[in-house]
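Labels below follow one simple rule: chain letters A, B, ... track the order of the sequence lines, proteins then strands, and each chain is numbered from 1. For the numbers below, each heavy atom of this structure counts, side chains included, while hydrogens, waters and symmetry mates do not. Small disclaimer: the values here were computed from a predicted structure and weren't measured.
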Protein chains: 2
Amino acid sequence: MNQVDWETANAICERLSPEQDLLVREIVTQISEKWTLWVMSVLAEAGEPMRFSRVMERVEGISQKSLTKTLRQLEKGGLVTRMVFPEVPPRVEYRITQLGEELLVQLHPVWLWTVANVERFEVARAGYAGDGRTNPWTQPRVAV
Amino acid sequence: MNQVDWETANAICERLSPEQDLLVREIVTQISEKWTLWVMSVLAEAGEPMRFSRVMERVEGISQKSLTKTLRQLEKGGLVTRMVFPEVPPRVEYRITQLGEELLVQLHPVWLWTVANVERFEVARAGYAGDGRTNPWTQPRVAV
DNA sequence: CTGCATCCGTTACGATACTG
DNA sequence: CAGTATCGTAACGGATGCAG
């Protein structure tokens, strides 16, 4: 059944310093933010420095404000570098870091698995009744 | 360097129906929500049905409102089952589904990798200057 | 015991206008 | 070009009170 070894995981957790524990949470939180992964993917896919407006074109639906914020946070987190060229008109280039790249590599199998299992999700969602009238005796709770 | 194969990824994306594409995004969005992963981990670790208040005890810092919301969303998404027992006092039990369990299994390596690399994140964050005065010629932008 | 309803402050997000 | 400033809206999240 390929379960997660929670005992080991907890042991690992307890070996972390409080600061490190906090940091791990922060990292998880950061990559969970709305545009973060999308922006990172765009930069990783490009594989080369990208200007602000190029990124904006490729992250469909993002506002200038949110893009700025997301990129700055990624920079703080060491996942993206930001380079300002002292020119007129201004040029700013963003590039994914080694750390960011590796993080995406870790995340990729999750995405692949999700895509490969969309249909199971579809089924699961279709079978959702939506009321509180679950019957405990019909276990796979489809159609009470 | 173990990169992500973006070409293949894009090809996979385009083979998805618009509905499926939307669903994948929804799934990603859902698991990115603040308490989702934590709640799922607690249920998975327990490995057996848990009552509302037991879950609440183990998800440190969550409010009742947020826990209710999170659990309901997980139920909708097919990641958690909710069973109401028609008793007095009321009893409601939550349990992770097969799909939810598998999703966590997929996510676990990411967490392991993050923990194993905390120190790199620490270094990256420590080296962040925080102003816009990046010098493009001193690449690893520590101390302009 | 579960968990909904309400209030209320904080944060997130988008649109628009403006600056170096 | 790459933002910042400002505004308005919407979602989030905690605390409290209450119902079944």
Side-chain angles (χ1 to χ4, degrees), chain A residues 25-26 28-39 42-43 46 49-77 80-95 129-136, chain B residues 25-26 28-39 42-43 46 49-76 80-95 129-136 141:
Chain A
R25 285 159 199 258
E26 271 178 34
V28 173
T29 303
Q30 176 169 33
I31 65 177
S32 316
E33 268 155 25
K34 186 166 179 181
W35 301 105
T36 304
L37 284 178
W38 200 345
V39 169
V42 164
L43 288 173
M50 277 179 94
R51 303 187 62 159
F52 185 90
S53 32
R54 296 295 137 264
V55 180
M56 182 127 176
E57 280 166 16
R58 304 224 41 184
V59 183
E60 217 173 312
I62 198 172
S63 69
Q64 208 178 41
K65 183 177 163 185
S66 300
L67 181 55
T68 301
K69 193 188 155 200
T70 305
L71 285 168
R72 292 299 168 84
Q73 282 176 174
L74 285 171
E75 192 198 2
K76 266 191 226 176
V80 157
T81 57
R82 173 174 182 267
M83 284 204 285
V84 181
F85 293 82
E87 300 174 1
V88 174
R91 186 165 107 238
V92 181
E93 289 186 346
Y94 296 91
R95 188 206 299 233
D131 48 34
R133 291 181 281 112
T134 315
N135 183 342
Chain B
R25 285 159 198 259
E26 272 179 32
V28 174
T29 303
Q30 176 169 35
I31 64 176
S32 319
E33 267 155 26
K34 187 165 180 181
W35 302 104
T36 304
L37 285 178
W38 201 344
V39 170
V42 164
L43 289 172
M50 276 179 96
R51 303 188 62 161
F52 186 89
S53 32
R54 295 296 137 265
V55 181
M56 184 124 175
E57 281 166 15
R58 304 224 40 184
V59 184
E60 218 172 312
I62 197 172
S63 70
Q64 209 178 42
K65 182 177 163 184
S66 300
L67 180 55
T68 302
K69 193 186 155 201
T70 305
L71 285 167
R72 290 302 167 83
Q73 281 175 175
L74 285 171
E75 191 196 2
K76 267 191 224 178
V80 156
T81 56
R82 173 175 182 268
M83 286 203 283
V84 182
F85 293 82
E87 299 175 1
V88 173
R91 186 165 107 237
V92 182
E93 288 187 347
Y94 298 91
R95 189 205 299 233
D131 49 34
R133 290 180 283 112
T134 315
N135 182 342
R141 76 185 299 293

message = Could you tell me how far apart A:Phe52 (CZ) and C:dT19 (C1') are, to the nearest whole angstrom?
response = 15 Å
Under 3.5 Å, N/O pairs linking protein and nucleotides 12-18 of chain C:
residue	atom	partner	partner atom	Å
C:dC13	N4	A:Lys65	NZ	3.0
C:dG14	OP2	A:Ser63	OG	3.3
C:dG14	OP2	A:Ser66	OG	2.8
C:dG14	O6	A:Lys65	NZ	2.2

Nucleotide range of DNA chain D lying under 4.0 Å from chain A heavy atoms = D:dC1 to D:dC7
inquiry  = Restricting to side-chain hydrogen bond (donor to acceptor under 3.5 Å, both in side chains), what partner residues turn up for B:Thr29, sequence neighbours left out?
reply    = none
request  = Return the value, rounded to whole Å, for the distance between atom CZ of B:Phe85 and atom P of C:dC1.
outcome  = 17 Å
ask   = If only side-chain N and O atoms of B:Arg51 are considered, is one of them under 4.0 Å from the OP1 or OP2 phosphate oxygen of C:dT2?
value = yes
message = Under the rule for side-chain hydrogen bond (donor to acceptor under 3.5 Å, both in side chains), what residues qualify as partners of B:Glu87, not counting sequence neighbours?
response = B:Arg91
task = Go through residues 87-94 of chain A and report each residue with a non-hydrogen atom lying under 4.0 Å from DNA chain C, sorted by number.
result = A:Pro90
task = Could you list the residues that satisfy side-chain contact (heavy atoms from CB on, under 4.5 Å) with B:Met56, not counting sequence neighbours?
result = B:Phe52, B:Gln64, B:Leu67
inquiry  = Using a heavy-atom cut-off of 4.0 Å across all strands, would you classify B:Arg54 as base, sugar-phosphate, or nothing?
reply    = nothing
By side-chain contact (heavy atoms from CB on, under 4.5 Å) - contacts of A:Val92 (at least two apart) = A:Arg82, A:Val84, A:Tyr94
query = Under 4.0 Å: is that the gap between some side-chain N or O of B:Arg82 and OP1 or OP2 of C:dT2?
reply = no
inquiry  = If the condition is salt bridge (Lys or Arg N to Asp or Glu O under 4.0 Å), which residues does A:Arg72 pass it with, not counting sequence neighbours?
reply    = none
message = Return the OG to CG distance between B:Ser32 and B:Leu37, rounded to the nearest 0.5 Å.
response = 7.5 Å
query = CD1 of B:Ile62 to OG1 of B:Thr70: how many Å apart, nearest 0.5 Å?
reply = 4.5 Å
request  = Nearest 0.5 Å please: distance from the NZ atom of B:Lys69 over to the OG1 atom of B:Thr36.
outcome  = 9.0 Å
message = Going by side-chain hydrogen bond (donor to acceptor under 3.5 Å, both in side chains), name the residues that satisfy it together with A:Ser63, two or more places apart in sequence or in a different chain.
response = A:Ser66
key: B:Glu26: partners by side-chain contact (heavy atoms from CB on, under 4.5 Å), with sequence neighbours left out   = A:Arg125, B:Leu22, B:Leu23
inquiry  = If we check side chain to side chain contact (heavy atoms under 4.5 Å, CB included) with A:Met50, which of these qualifies: A:Glu57, A:Arg95, A:Arg58?
reply    = A:Arg58
task = With sequence neighbours excluded, tell me which residues meet salt bridge (Lys or Arg N to Asp or Glu O under 4.0 Å) with B:Glu33.
result = none
ask   = How bent is the helix from C:dC1-D:dG20 to C:dG20-D:dC1, comparing axes over its five end pairs at each side, to the nearest 10°?
value = 40°
task = Report yes or no: does B:Gln30 contribute a side-chain atom to a donor-acceptor pair with the main-chain N or O of B:Gln73 at less than 3.5 Å?
result = yes
